[in-house]
Amino acid sequence: MSAVRPSETEPFDPYGPERALAYSPEDATFALFNDYATGRPVLRHGIRIPVPTEVRATWQRSRTPELTRSAGPMETIEGYGIFTFPYGPVSMGVPESGKFEVRTYGERILSLEPVTGFKSRRILTSIAGQPISDGALRIERLAGNFSAAHAAAYLAAAESAAGIEVPEGELWVRALAQELQRIYNHVHVLARLAEAASQNVGAAQTHALAEEMLRIQGSIFGHRWLFGALLPGGPRRHLDAADRRDLGRRLNLHSEQFERLWELFLGSRTFIDRIQATCPVRREEALRWGAVGPTLRACGVAWDDRLRVPVTPYNDLFLELSQESAGDALARMLVRAREVQSSYLLLEQMLDRWPRDPGRLLSPAPPVAPGRGLARVESPSGDLVYDVTASDGRVTRIGMRAASQANIPLFARGLRNGVFTDFHFAWESFGLVFAEIDA
Amino acid sequence: MPTWIGQAARNGIVTSRYPAEPATDAEVPETARPPIPLRGDAALHDGVARCPVGAISEEELDRGKCIRCARCRPAGFEFRGPVEASTGRRAELRVGSAAPAGPGLVEALPPLVGFPRSLHVFLVDAGSCNACNLEVLALANPLYDSQRLGIFFTSSPRHADVLLVVGIPTPEMAPAVLRAYEALPAPKAVIAAGVCPISGGAFAGTPGLLAGLEELVPVDVFVPGCPPAPVEILDAILRVHGRARTAGGD
Amino acid sequence: MDPAGLLLTVSVAAFFVGAALGPLGRRGPYLGSLVGSAGLGIVAVLVLAGGSVTGATWAGPLGDVEGLTLDPLAAFFALAAALVWVATSVYSLTYDDRRSPLLAITYALTLGSIALLIAASDQVLFLIGWETMTLASYGMILQAKGPGERIFSAAFVFLAFGEASTLFISLAFAGLRVGTGVFAFGPHLGPGDLATLVFVAGLLGFGIKMGIAPFHLSEWLPIAHSSAPSNASAVLSSTLTLAGAYGLFRLVSLLSSPPLWWGAVVLAIGAISALLGALFAAVSEHSKGLPAYSTIENNGLILVALGVALLAQSDGVHELYVFALFAAFYQALAHAIAKTGLFLSAGYIEHTAHTFDLNSVEGQAKSGSRGEFGGTIIATLSLAAGPPLAGFVSEWMVLEALFQSYRFGQSWVEFVGLLAGAAVALAAGLIVVAMVKFVGFSMLWRPRPSGAGPPESRLGGVVGAVGAMVLAIGVLAPWILRFIAPAVSGFAGSSVAAPVGQLLAVPDGWSILSGSPFGILSPPMIPFIVVAGAAVAAGYYALGRPRPRRRVPIWMAGSPPGQPGETYTSFGYGTGIRIMMRSVLSTREVRAETGESSGAGVDPVAAYNVDLEVFDAFKLFYEALVRLGQGTSAVLKAAVMPGRLGRYLAYILIVVLLVVMYVAAFY
């Protein structure tokens, strides 16, 4: 290991306009991001905070290289015949690398502790000192299937920190990319759930539908995972009228296919029975541990960053919030399915009202005094927050809280008293990605 | 009333014809294939400054480092190289200015010994962004259906012939990768899929990370790409088997 | 007295002589037992081959002639017991090197008294043997290591059940005496209320000793809770229950023309016992409790076969009657030998791993001798009914007998047979879980590098020899069945032929036929098939292209293997059954907060102790029994035993008067 890595954690400095800045996974106060009572976000999107010239010690969210075992407070379980069942870090059940330590007396999960950090690529620390645009290359590769959300949040935070005005057309492209990727991820979750439930025809059909979305993304942006689509300086391709017509046509087919599949899934008793009451999350737990995204909305909390922290173009578009109350895997899937439907609708609206002048981002960005920007976007798995301090067009400090980081304690808690076979349904239903936990 | 059978029948056969027929534009976007310097030395010279990962030097373009961000495109690079870019020799990923800018770029690798029949593949994520993992998983979906080619994914390295590694090896994952390699019974082959295990890709040079998979285990096939498309991964697995398409040929 | 009779007398005496030599050293009783068992075995073989042998006889106190005699029925049980005792006595000579000489003495006394009751020609001697057996084995259980209070309570439970059993048997024998007019075993008792009384009392009395439901507590508790010495456990489980089976068979053989419901009751009790035994064996983590529960299962199977036989007898289905009887006898033989192997193996495990808890054995017995390894595998496979072993043949016969319950004339009997068949099939499945658990967690586990004691090749050798016996009893079943036919004839009261015959291309006499024919099994052919199959595979391997051997380290999902606390426990292996059968086992999770520890987060982490408990519903029965007993004794104590001497003298006077009146009335 090298000594070049910056110091891992610095003391928290409670300066700043927002009390809510006091977020760090150690404090488990993610919930402070939002004031659920008034329905107002405490931490706003795209605000700029001047940073004094003298470098102040601020919190820094950087991955420690050691494995992390504190995804959420767990009980310690002892008893006759009880043992730890280590699952991971390399298992085909979860295609990513991450470990779970399950305390069990066989069959039943008494407690589950996720061990993260195996994939720590030190992205956030390695970006410090880099130009904003080069950092974006790493950020979009932070979590490949959430690349649009991460890139959009990072860019929004970095641009507001650097004082860059973003043309409207660019924001529309970002929103478009995010909605496409949201559909991909939700459809993928559905396919994985169907696979786990041995709904083989359904899983094959749904996987094909997810693959079709990757191909749409590939043909529109030249990359199946939208890498390079959201860069300062504009995407690789701009959408002209013909592109938009083509995209609209393919999305229509895609949505028709999705509606058919979803109807069939809703009619499949075995599938619905299997995910119903699996890995339930109660509303109080969700609020206490700071659940986000479909996990939060599935237990009766009406919160979607696209509505609560509206930015262009969402503030001009019609979007219905989807909400469920049961909090189980089925409720999460219902929320996701409705979000897919509303994303089709959003995309249709976007394509209808696409701005004429795409606009060009000024490149290189004008150097300005050091500033700090905050941004939050609704990634497919939920609220994603970036906090970027930039100076002279370079990133000096970067903090991030991903949806999977917020939701993994809920996953671990929800699975208590479940059985081993619940594991995959639970994992997939949360849409967790180790890559964004182990940034 | 809609039924699953009706749904399956309506969609018909969607499976790719690859490798019997070349990869289509839908399978690998025409602008996301391995890069080619169109204008030779001049392109290389212009591209050096534009490349954020140092894949371009005055002499050559290293596909093992290229993350296909396309920033060099205005300088004369195109991303239309043959899909069959996987190779058993790291050096072959380096494309010089004299290299032909078209098909026939990479020679077929002689088949590795010991795999006369089906091939069982074990996936290890050494530190990826999840895109490579999902592309590997996509091989099992009906559009690619790797089982039609006798390629199966196992859930234990003890049942596998091939270790398919994605992602840049982190120090935390290095022991697990080594354990997987040791648990793989001989004869065995290792595929480094994507530029991360080849060179670190976008994360090359990050302090604390390994420079590549070769620091840990011997690599038999390198697959460039960030991430490589399912067809490109399929090409690499077939190359282990000696069944890969010759680049660009029919 | 002919030479065989002399040998019988000397053999029975050898046990008691050995016991008397006990104070001089541990070897005396064990050597005496060895000599006695060997002699008894030889006499038994002679009887089965030639006919009854009579040893010493004398005039009883009530004018009857009593003495030692071995008829074919008794000889069968004597042979099974002798085989077990030879093994356990040799084993004891090495195993028992540190314990009190009392263990050796009570061991020899137990064996001698069982030999006495099997060789008894009449009820009085049988009862003397039975009571001595109960007291001697009570003494044997007291020799256990462990917390004294637990041993005493376990031994007391054993004694209480033993005395209850003696009480019922005395009642049954009294009825028999009244009905037949003699104490000697011989004359049959015809049908009637008296016969029913004898049957019910006998079933209760001998059932208690066999540990059948709802008296299974009497079987497992003394063995498991007291962790009785292993040679004692083997004798308790294998031959004490064998004595119970002998008594029941003897008694039933003396009752002619049983009504239909007797068979149904025996069948139902047997099926329930088999299922409960298998179920509790599957969820037991005690290296002796598990085999003890398995004994209940096996005794249940014996009763099932006996029940089918009685039903067939009442219904006049002679062929099925004979086949079911052979099944019952073979089940008794197969179980006695295999279970001995298992208990001796448990002793070996205890000897090397110093634990009875299967969770913590962790394969430490694996480093032991080959005899131990092979013998245990064979014994467990046999108890799990793996071909071609003894248990496989006997369980096949029991199931075949059940399959033919359609032959019964009345539909309700067919229905009982159907339910019993389902229960037995489920038990057969569950016992596989138990046996896999036993052998897997003790023998097949990757051994922990340290902690294992040195291999005890002599102990292991005995286990291996028992394994060889189990294999022989399985493979040579057709011949053994013919050999024990006199015993079955003795039970049936008429000469019957073993269900052995010829079918298909198998040589004559190599196959067991159920029905004519209903099913067929040829145990001697199985080794041929196995060898032939292995030869084909070996030939294919030798002639084909050489294949590289692929040997790789174990894979634990990328984690370092073999971390302490990260290994699957035997408890975990059985939890599936605990949860699946929760309606029978009354499984419940007990969670108790034990405090808090500081976790990585802000909030303190609560610490819990979690136990998954199973509950035997029959425990309620015993609790009620205990309450009743305590209540009654309190009342009696106040009313009858006030502690005044005059009162007691009055009682004695009343008893004497009653006896005088009784004797006067009789003669």
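Keep in mind that the numbers below use all heavy atoms, side chains included, and drop hydrogens, waters and symmetry copies.
Taking CZ from F434(A) and SG from C129(B), the interatomic distance works out to 15.5 Å, rounded to the nearest 0.5 Å. The structure places CG of L134(B) at 8.0 Å from CG of L214(A), a figure rounded to the nearest 0.5 Å. Summarising the geometry, atom CG belonging to L209(A) is positioned 10.0 Å from atom CG belonging to L143(B); distances are rounded to the nearest 0.5 Å.
Only the side chain of L137(B) comes within contact range of chain A, judged by heavy atoms closer than 4.5 Å. In this structure, the portions of L264(A) lying under 4.5 Å from any heavy atom of chain B include both its backbone and its side chain. Within the 4.5 angstrom heavy-atom criterion, only side-chain atoms of A138(B), from C-beta onward, approach chain A. For chain A, no part of S156(B) is nearby; none of its heavy atoms comes within less than 4.5 Å. Using a 4.5 Å cut-off between heavy atoms, E96(A) touches chain B through backbone and side chain atoms alike. Both the backbone and the side chain of P227(B) come within contact range of chain A, each with at least one heavy atom under 4.5 Å from a heavy atom of that chain. Of the atoms belonging to I5(B), not a single heavy atom falls under 4.5 Å from chain A. With a 4.5 angstrom heavy-atom cutoff, R179(B) does not touch chain A via any of its atoms. Residue E212(A) does not touch chain B at all, counting heavy-atom pairs closer than 4.5 Å.
By number of non-hydrogen pairs under 4.5 angstrom with chain B, the leading residue of A210(A), A191(A), G202(A), P89(A) is G202(A). Contact tally against chain B (heavy-atom pairs below 4.5 Å) for Q257(A), Q130(A), E436(A), E140(A): the top residue is Q257(A). For the set I67(B), V177(B), V136(B), the count of heavy-atom pairs under 4.5 angstrom toward chain A peaks at I67(B). Between chain B and the options S91(A), S126(A), P95(A), heavy-atom pairs under 4.5 Å are most frequent for P95(A).
By the 6.0 Å contact criterion, CZ on R17(B) is open, its count of non-hydrogen atoms from other residues, nucleotides or ligands being 12 or less.
Judged by distance alone, the side chain of N141(B) and the main-chain N or O of A208(A) form no donor-acceptor pair under 3.5 Å. Formation of a donor-acceptor pair under 3.5 Å by the R68(B) side chain with backbone atoms of G228(A) is not found in this model. With hydrogens and angles ignored, the 3.5 Å screen pairs a side-chain donor or acceptor of D125(B) with a backbone N or O of S97(A). For T170(B) (side chain) and S120(A) (main-chain N/O), no donor-acceptor pair under 3.5 Å exists by modelled atom type. Proximity of a side-chain donor or acceptor of R122(A) to a complementary backbone N or O of P207(B) within less than 3.5 Å is not detected.
C69(B) and L137(A) get closest at one heavy-atom pair: CB-CD2, 3.9 Å. Taking every heavy atom of both residues into account, M173(B) and F118(A) meet most closely at CG-O, 3.2 Å. Across all non-hydrogen atoms, the minimal contact from N130(B) to N145(A) is ND2-OD1, 3.3 Å. Heavy-atom minimum distance, R141(A) versus A202(B): CD-CB, 3.5 Å. In terms of heavy-atom proximity, H223(A) sits nearest to C226(B) at NE2-O, 3.0 Å. Across P142(B) and H207(A), no two heavy atoms sit closer than the pair CD-CB, 4.3 Å.
Taking a cutoff of 4.0 Å between a charged side-chain nitrogen and a carboxylate oxygen, D25(B) and R215(A) do not qualify as a salt bridge.
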Any chance you could lay out the side chain to side chain contact (heavy atoms under 4.5 Å, CB included) test for N200(A) and W4(B), step after step, and finish with the verdict?
CA-CA 10 Å; N200(A) 291 335; W4(B) 284 118; over 6 Å; no
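The shortest distance between side-chain heavy atoms of T206(B) and R121(A) does not fall below 4.5 Å. Here the side chains of Q7(B) and V201(A) are not in contact, with every heavy-atom distance at 4.5 Å or above.
Listed by chain and residue number, E211(A), E135(B) satisfy the salt bridge (Lys or Arg N to Asp or Glu O under 4.0 Å) test with R224(A) (two or more places apart in sequence, or in another chain).
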